[in-house]
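Notes to accompany the following structure.
What you see below is based on every heavy atom in this structure, not just the backbone, and it leaves out hydrogens, waters and symmetry mates. Quick caveat: nothing in here was measured; it's all calculated off a predicted structure.
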Amino acid sequence: MAAKKKNDAPRLNTALKMLRKAAVALCCFAFLNAAPAAAAKATAVEHLHKGQKIANFFRSFGLSDIAVLALISALPVVELRGAVPVGVWMGLPITTVLPACVFGNMVPIIPILFLLRNESLKKLMSPILKRAEKKSASLGVGSLNKQWVSLAAFVGIPLPGTGAWTGAMGAFLLGMPTGVALSAIFAGVVTAGMIMTAITLAGKKGGIAALSALALFTANELLNGEKKQDFLEASPFWDQSAVPVNTFKNKAPFTGKVVSSKRIVGPKATGETCHIIVSSNGDYNFWEGQSMGVIPPGTREKDGKPHAVRLYSIASTRYGDDMTGKTSSLCVRRATYWCPNLKAEDPAKKGICSNFLCDTKPGDEVVMTGPAGKVMLMPEEDPKTDYIMVATGTGIAPYRGFVRRLFIEKTPAAEAYKGEAWLFLGVANSDALLYDDEWQEVKENFPDNFRLDYALSREQENKKGGKMYIQDKMEEYADEIFNKLDAGAHIYFCGLKGMMPGIQDMLKGVADSKGMNYDEWLKGLKS
């Protein structure tokens with residue numbers, strides 16, 4: 001019976017998709033053949049009065065009604081949702097109104113996505129972009145399929161603060177691929193047009209019916225659209241005998257292409273940190289906890305030789321942020337040097353590779369080596385293993401891969417995991433926190449399996465009244481951490497080496513208080 005159910009599942013999904021398409025087709029047929037009398041009785045909707053005034057203003061220049069309709073659809077103060085009722089008010093058939101409004105609404109979107117790459121324009125539009133980023137903050141979370149569905153729904157539901165303009169700005173700020181953003185915005189604009197047509201021709205009941213259909217479709221795609229992630233697994237999944245190491249070397253590197261690069265810290269952060277997604281078309285395979293080598297372009301000034309490889313911990317799982325297995329992510333802080341004599345940053349002493357990566361744009365090439373390292377791999381054979389992950393700054397990168405694998409993706413490791421993953425992150429202030437939205441979501445969804453503690457050195461005080469560093473935060477849980485390690489937990493450190501003496505002193509203090517030989521105890525831990 002189990003096999004039969006499994007074989008029937010694709011048929012059921014196909015049937016559901018056909019039903020959804022049929023429902024949409026019927027809605028379209030009903031809208032396009034609605035009686036003209038319904039339009040005359042339509043209740044005025046939001047922006048109708050404003051839209052009429054603007055339409056009459058453009059009409060005064062002798063423009064045709066179709067041209068006026070397309071023009072006001074392109075304006076952010078009206079957009080398609082305000083233009084559809086105006087088109088009906090003009091007396092145009094809905095078969096003319098809808099295409100004209102969709103076309104007009106989409107016209108400015110492509111220029112917006114490309115013009116926002118200009119730094120001067122970004123600064124000029126800073127207040128608008130900040131509002132757009134807040135409204136669309138959740139659009140970049142999850143697989144490419146989820147991003148597409150989320151953006152299409154965001155644009156398609158005619159509510160204040162949503163729409164094609166805001167969706168385009170949000171998609172750009174969140175680093176969505178241009179093709180994904182454009183197709184999702186187009187789908188959203190068409191959906192918004194159908195909803196506004198339903199509201200205009202059939203009143204509130206029509207609008208509620210259309211919105212309900214959209215809500216059901218969106219929920220179904222977001223909840224059931226994710227496929228199980230198992231196509232890059234070992235057999236069994238915890239077997240580390242075939243971990244890829246140094247597949248690509250300095251003399252024979254791999255060339256990837258940047259998908260997106262975006263700043264991920266606030267304005268008051270100490271320095272700039274970027275999240276960079278690189279496409280490898282599935283040819284650069286790695287495991288969580290490994291590092292990627294990057295060879296920056298150009299040559300060294302002192303001898304004209306190529307730059308040396310820089311290693312960066314990979315900040316995604318083997319499936320990548322889009323869960324296709326074709327991308328990898330890096331978390332990079334731009335390295336700069338403040339010259340006290342110049343009283344400014346000295347460009348001659350800036351980090352070659354970090355600045356190259358933070359300045360990349362979609363389509364730029366990145367020369368890669370690796371993957372490197374096996375020390376940071378997770379031992380997944382025992383699903384009850386506790387993990388203690390300690391990071392300062394961009395040292396958070398490998399742990400993002402750990403957490404996504406254990407809690408976010410539909411992997412065999414996630415299905416099996418029953419232990420506790422405890423993350424400690426030390427940064428200067430709240431604006432410097434990295435991936436906080438992801439940690440908070442996991443914490444909410446898995447309160448019994450994920451713990452999170454921050455050490456904010458410029459905002460918190462330790463028990464002695466000094467700045468709160470990562471070792472100070474861990475000291476608050478000294479006994480618990482020691483007991484976990486003594487029971488077989490695995491602890492990882494990534495970031496500044498300066499945290500290690502304080503952490504070792506803390507553990508030694510606990511061992512001494514228990515009458516244990518710290519050096520002997522330490523030898524028993526996994527190195």
Side-chain angles (χ1 to χ4, degrees), residues 110 113-119 122 139-148 151 168 171-184 231-232 244 246-264 272-288 290-299 306-334 351-372 394 397 400-401 404:
I110 296 176
L113 289 173
F114 285 96
L115 286 172
L116 284 173
R117 297 181 182 182
N118 182 284
E119 291 300 322
K122 279 177 68 176
L139 298 180
V141 178
S143 69
L144 211 58
N145 178 62
K146 276 193 174 182
Q147 291 181 29
W148 193 95
L151 180 56
F172 172 81
L173 290 168
L174 294 166
M176 284 189 189
T178 304
V180 174
L182 280 174
S183 63
F231 57 89
L232 292 176
N246 295 324
T247 309
F248 299 97
K249 300 176 175 60
N250 294 21
K251 293 183 179 180
F254 178 85
T255 301
K257 286 194 175 182
V258 173
V259 175
S260 65
S261 176
K262 64 176 180 178
R263 179 188 173 103
I264 56 172
E272 180 183 12
T273 301
C274 297
H275 182 76
I276 301 142
I277 301 176
V278 182
S279 172
S280 63
N281 201 31
D283 295 324
Y284 187 93
N285 295 315
F286 61 92
W287 280 28
E288 299 74 23
Q290 291 189 294
S291 297
M292 174 194 295
V294 176
I295 304 176
T299 56
H307 290 294
V309 174
R310 273 71 163 180
L311 286 178
Y312 293 91
S313 294
I314 300 174
S316 64
T317 71
R318 66 193 74 180
Y319 296 102
D321 283 8
D322 62 358
M323 300 185 192
T324 63
K326 296 181 180 181
T327 66
S328 51
S329 302
L330 298 177
C331 178
V332 181
R333 175 170 172 168
R334 187 188 295 274
I352 300 293
C353 197
S354 65
N355 279 268
F356 158 68
L357 288 170
C358 289
D359 288 336
T360 54
K361 300 291 188 294
D364 289 351
E365 292 187 344
V366 177
V367 180
M368 304 146 61
T369 64
T394 55
R400 182 173 183 264
R404 289 175 70 87

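Rounded to the nearest 0.5 Å, atoms CG (L357) and SG (C274) are 9.0 Å apart. Residue F286 holds its CZ atom at 11.5 Å from OG1 of T247, rounded to the nearest 0.5 Å. Expressed to the nearest 0.5 Å, how far OG of S260 lies from CD1 of I277 amounts to 3.5 Å. Remark: C358 SG to L330 CG distance equals 10.0 Å, nearest 0.5 Å. To the nearest 0.5 angstrom, T299 atom OG1 is 10.0 Å from I352 atom CD1.
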Subject >> Verdict with supporting geometry, T255 and V366, side-chain contact (heavy atoms from CB on, under 4.5 Å) >> reply: CA-CA 6 Å; T255 301; V366 177; over 6 Å; no
**OP:** Walk me through it: do S316 and T327 pass the test side-chain contact (heavy atoms from CB on, under 4.5 Å)?
**Re:** CA-CA 9 Å; S316 64; T327 66; 5.9 Å; no
Original post:
When you look at M368 and V278, which way does the side-chain contact (heavy atoms from CB on, under 4.5 Å) test go after all the steps?
Top reply: CA-CA 10 Å; M368 304 146 61; V278 182; 3.9 Å; yes
Original post:
Going through the checks in order, is the salt bridge (charged side-chain N to carboxylate O under 4.0 Å, His left out) test met by D283 and K326?
Top reply: CA-CA 7 Å; D283 295 324; K326 296 181 180 181; over 6 Å; no
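Counting heavy atoms from C-beta on, the side chains of C353 and Y312 come closer than 4.5 Å. Within the 4.5 Å cutoff, no side-chain heavy atoms of K257 are placed close to those of N281. Between T317 and R400, the closest side-chain pair of non-hydrogen atoms is not below 4.5 Å. T369 places none of its side-chain heavy atoms less than 4.5 Å from the side chain of N246. In this structure, M292 and S328 have side chains that are in contact, with non-hydrogen atoms separated by less than 4.5 Å. Put simply, the side chain of P371 reaches to within 4.5 Å of the side chain of Y284, judged on heavy atoms. The closest side-chain heavy-atom distance from N250 to V309 is below 4.5 Å. The closest side-chain heavy-atom distance from F248 to S280 is not below 4.5 Å.
Taking 4.0 Å as the cut-off between side-chain N and carboxylate O, E288 and R318 count as a salt-bridged pair.
Counting only distance, with no hydrogens or angles, the side chain of Q290 and the backbone of P244 share a donor-acceptor pair below 3.5 Å. In this structure, R334 contributes its side chain and V332 its backbone to no donor-acceptor pair below 3.5 Å. In this structure, D364 contributes its side chain and K361 its backbone to a donor-acceptor pair below 3.5 Å.
When all heavy atoms of V294 and P296 are compared, the closest pair comes out as O-CD, 3.4 Å. Annotation for S279 and V259: closest pair CB-CG2, 3.6 Å, computed over non-hydrogen atoms. Looking at every heavy atom in both residues, A372 comes nearest to L311 through CB-CD2, 4.2 Å. Of all non-hydrogen atoms in L232 and G325, the two that sit nearest each other are CD1-CA, 3.8 Å.
Looking at D321 and S329, their side chains do bring a donor and an acceptor atom within 3.5 Å of each other.
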